[in-house]
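Reading through the structure tokens given below for one structure.
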There are 2 protein chains.
Amino acid sequence: MAAQPARDAERTRAEILEVATREFSDNGYAGARVDEIAAKTRTTKRMLYYYFGSKEQLFVAVLEQAYTTIRALEQELDVEHLDPVDAIRQLAELTFDHHESHPDFIRLVSIENIHRAEHIGTSSVLSRLANPALDVLARILERGRAAGRFREDVDPLDVHMVISAFCVFRTANQHTFDAIFKRDMLDPARREHYRTMLGDLVLGYLTAR
Amino acid sequence: MAAQPARDAERTRAEILEVATREFSDNGYAGARVDEIAAKTRTTKRMLYYYFGSKEQLFVAVLEQAYTTIRALEQELDVEHLDPVDAIRQLAELTFDHHESHPDFIRLVSIENIHRAEHIGTSSVLSRLANPALDVLARILERGRAAGRFREDVDPLDVHMVISAFCVFRTANQHTFDAIFKRDMLDPARREHYRTMLGDLVLGYLTAR
DNA sequence: CTTTGAACGAACCAGCTAGTTAATTGTAGG
DNA sequence: CCTACAATTAACTAGCTGGTTCGTTCAAAG
């Protein structure tokens, strides 16, 4: 088979982005080293500046890609035909699984929050990615309310927030939680417990008297 | 009154720690600058090394102080005489208020998690600070179970985790959440809503059929 | 007083780090 | 072919950064 072409802009760009994602996620924004990112690539530091302009713009690109990936996956959910209660549980578990399998993303979000979202604040890409899962959620809640199963006064974004809070905390704070309470929230043996617990939690809230 | 003595080891130490807390919290571990910390102090960089030895040890000292402060406050709660349901709500709200008024602490915890808790992992101080609030919580749950008000199978640490997750997420992720969903979770106008919601959430879980 | 050790300050340094310069090579279109 | 331009490379730099050196000053004990 043909060797990969010596020059492939798309591949080079993608590779830089991939390595940068890992480096920023592992070391934080200030802790990540441009030289280190370049070294772990099959290309050079100059290419990084050629394609992305600066360390900061590279970081923005990393964030944009991470969010875009995750939002795309959220779209795949098809819960319209399910019972509202089952739908909520399924949505929660999808988010749960998703967060668990994308620790890099959670770390990037934490890093970006430490920087007060100053990078994505200026990103036009991100602001257009407004959440489709929110619409899905809103429709589920509407059906649940109509069926008299859910409380009347619930805001979809609040429900989304609870699901996120649970999933994000479990991965984002795993290390300090383990250090202090000697409990590894990501131990596979506890995975099902937490997954079920999240559904119980959200549904307990939605169906409370 | 007498001017402050020209030399006061305790005050110097405390001032360095205070400034360092702000700087680490604002910029992350790698982003914080030793020179900047020193400059914002009434002393010099040399003193910082004199008292703390290194940037890393200074960061550990900051974390230890932050955790110690917060744990001490948790101790003050006296809910033994309350109805279990009221006690849970009060505990949740105490945590809520606490997190809200200590954003620095949350940021430091996030930073430390990005570094995989490698700093507090070696701290003997922190491992001894095992959570007294957990005992309080365990006793409340026990009383609630005995009275037939709470489900039987609930682990105190799981309840603590839910409360933390909600409170931590609200402050730690406020910036990205606001950037993406255009909702400021720390808007004072929404404070009561979230405070009540947290109690509803936890009690909904504890009293679910 | 004098001694002693803790507390302090200024200048310094070696290595690092983001970003740049300018020259070189592959490749597609004519 | 060959030309024009995109893609790539290596070497360089100016400024920063954590950490250190070493000399000075204060205050309490004797």
Side-chain angles (χ1 to χ4, degrees), chain A residues 1-63 111-112 114-115 118-119 122, chain B residues 1-63 111-112 114-115 118-119 122:
Chain A
M1 61 206 66
Q4 288 177 331
R7 298 178 168 211
D8 184 336
E10 209 40 61
R11 182 166 52 86
T12 302
R13 221 188 112 94
E15 191 180 346
I16 292 172
L17 217 43
E18 185 198 319
V19 173
T21 298
R22 204 164 51 237
E23 288 297 303
F24 280 124
S25 164
D26 279 355
N27 307 303
Y29 176 73
R33 299 284 164 247
V34 175
D35 281 306
E36 189 63 20
I37 294 170
K40 289 182 176 166
T41 297
R42 275 172 302 178
T43 181
T44 62
K45 185 163 65 155
R46 184 64 188 86
M47 283 298 90
L48 191 153
Y49 282 91
Y50 183 70
Y51 285 112
F52 298 98
S54 69
K55 181 184 185 181
E56 186 166 338
Q57 287 171 273
L58 175 60
F59 183 60
V60 172
V62 163
L63 284 171
I111 291 164
E112 179 61 355
I114 285 165
H115 293 273
E118 62 191 14
H119 304 102
T122 63
Chain B
M1 61 205 64
Q4 287 175 331
R7 297 178 171 213
D8 184 336
E10 209 40 61
R11 182 167 52 85
T12 303
R13 221 189 111 94
E15 191 181 346
I16 292 173
L17 218 42
E18 184 198 320
V19 173
T21 298
R22 203 165 51 239
E23 287 296 305
F24 281 124
S25 164
D26 279 356
N27 305 303
Y29 175 72
R33 298 284 163 246
V34 174
D35 280 306
E36 189 64 19
I37 294 171
K40 290 183 176 167
T41 298
R42 274 172 302 179
T43 182
T44 63
K45 185 163 63 156
R46 183 66 189 82
M47 284 298 91
L48 191 154
Y49 282 91
Y50 183 71
Y51 285 113
F52 298 98
S54 70
K55 182 185 185 182
E56 187 166 339
Q57 287 172 274
L58 175 59
F59 184 59
V60 172
V62 163
L63 283 171
I111 290 163
E112 179 62 354
I114 285 165
H115 292 273
E118 62 191 15
H119 305 101
T122 63

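In the text below, chain A, chain B and the rest are named by the order of the sequence lines, each starting its count at 1. The figures here come from the full heavy-atom set of this structure, side chains too, leaving out hydrogens, waters and symmetry mates.
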In whole angstroms, the gap separating P of D:dC16 from NZ of A:K55 amounts to 15 Å

Side-chain contact check for A:M47: nearest option of D:dT8, C:dA10, C:dA7 is D:dT8

(message) Counting only side-chain nitrogens and oxygens, does A:T43 get under 4.0 Å of the OP1 or OP2 atom of D:dT9?
(response) yes

Would you classify A:A32 as touching base, sugar-phosphate or nothing, given that sugar-phosphate means primed atoms plus P, OP1 and OP2, and contacts are heavy atoms under 4.0 Å? sugar-phosphate

The nucleotide from D:dG19, C:dA18, D:dT9 with an atom nearest the side chain of A:T44 is D:dT9

Are A:K55 and A:Y29 in a cation-pi contact, defined as NZ or CZ under 6.0 Å from the six-membered ring centre and within 45° of the axis?
-> yes

In whole angstroms, the gap separating C1' of C:dA18 from CG of A:L48 amounts to 10 Å

Atom CG of A:D35 and atom P of D:dT13 are separated, to the nearest Å, by 16 Å

| Side-chain N or O of A:Y51 closer than 4.0 Å to phosphate OP1/OP2 of D:dT8 | yes

Tightest non-hydrogen contact, residues B:T44 and B:A38, listed as C-CB, 3.9 Å

Run the side chain to side chain contact (heavy atoms under 4.5 Å, CB included) check on A:I37 and A:F24 step by step: do they pass?
CA-CA 9 Å; A:I37 294 170; A:F24 280 124; 4.2 Å; yes

Phosphate OP1/OP2 of C:dC8: any B:T12 side-chain N/O under 4.0 Å
yes

Here the distance between atom P of C:dT25 and atom OH of A:Y50, to the nearest Å, is 17 Å

Distance col, row A:R22:CZ vs A:L17:CG, nearest 0.5 angstrom, shows 12.0 Å

Atom CZ of B:F52 and atom C1' of D:dT20 are separated, to the nearest Å, by 19 Å

Any donor-acceptor pair under 3.5 Å between the side chain of B:K45 and the base of D:dG18? yes

When rounded to whole Å, the CZ to C1' distance for the pair A:R42 and D:dA7 reads 15 Å

Looking only at heavy atoms, the pair that brings B:L63 and B:H119 closest together is CD1-CB, 4.2 Å

Between CD of B:Q57 and C1' of D:dG18 the distance, given in whole Å, is 13 Å

From CZ of A:R11 across to C1' of C:dT27 the rounded distance in Å is 15 Å

Winner on side-chain proximity to A:Y49, out of C:dT21, D:dA7, C:dG19, is C:dG19

Between A:R33 and C:dT17, is there a side-chain N or O to OP1/OP2 distance below 4.0 Å?
yes

* Asked: Any donor-acceptor pair under 3.5 Å joining the side chain of A:R46 to the base of C:dT21?
  -> yes

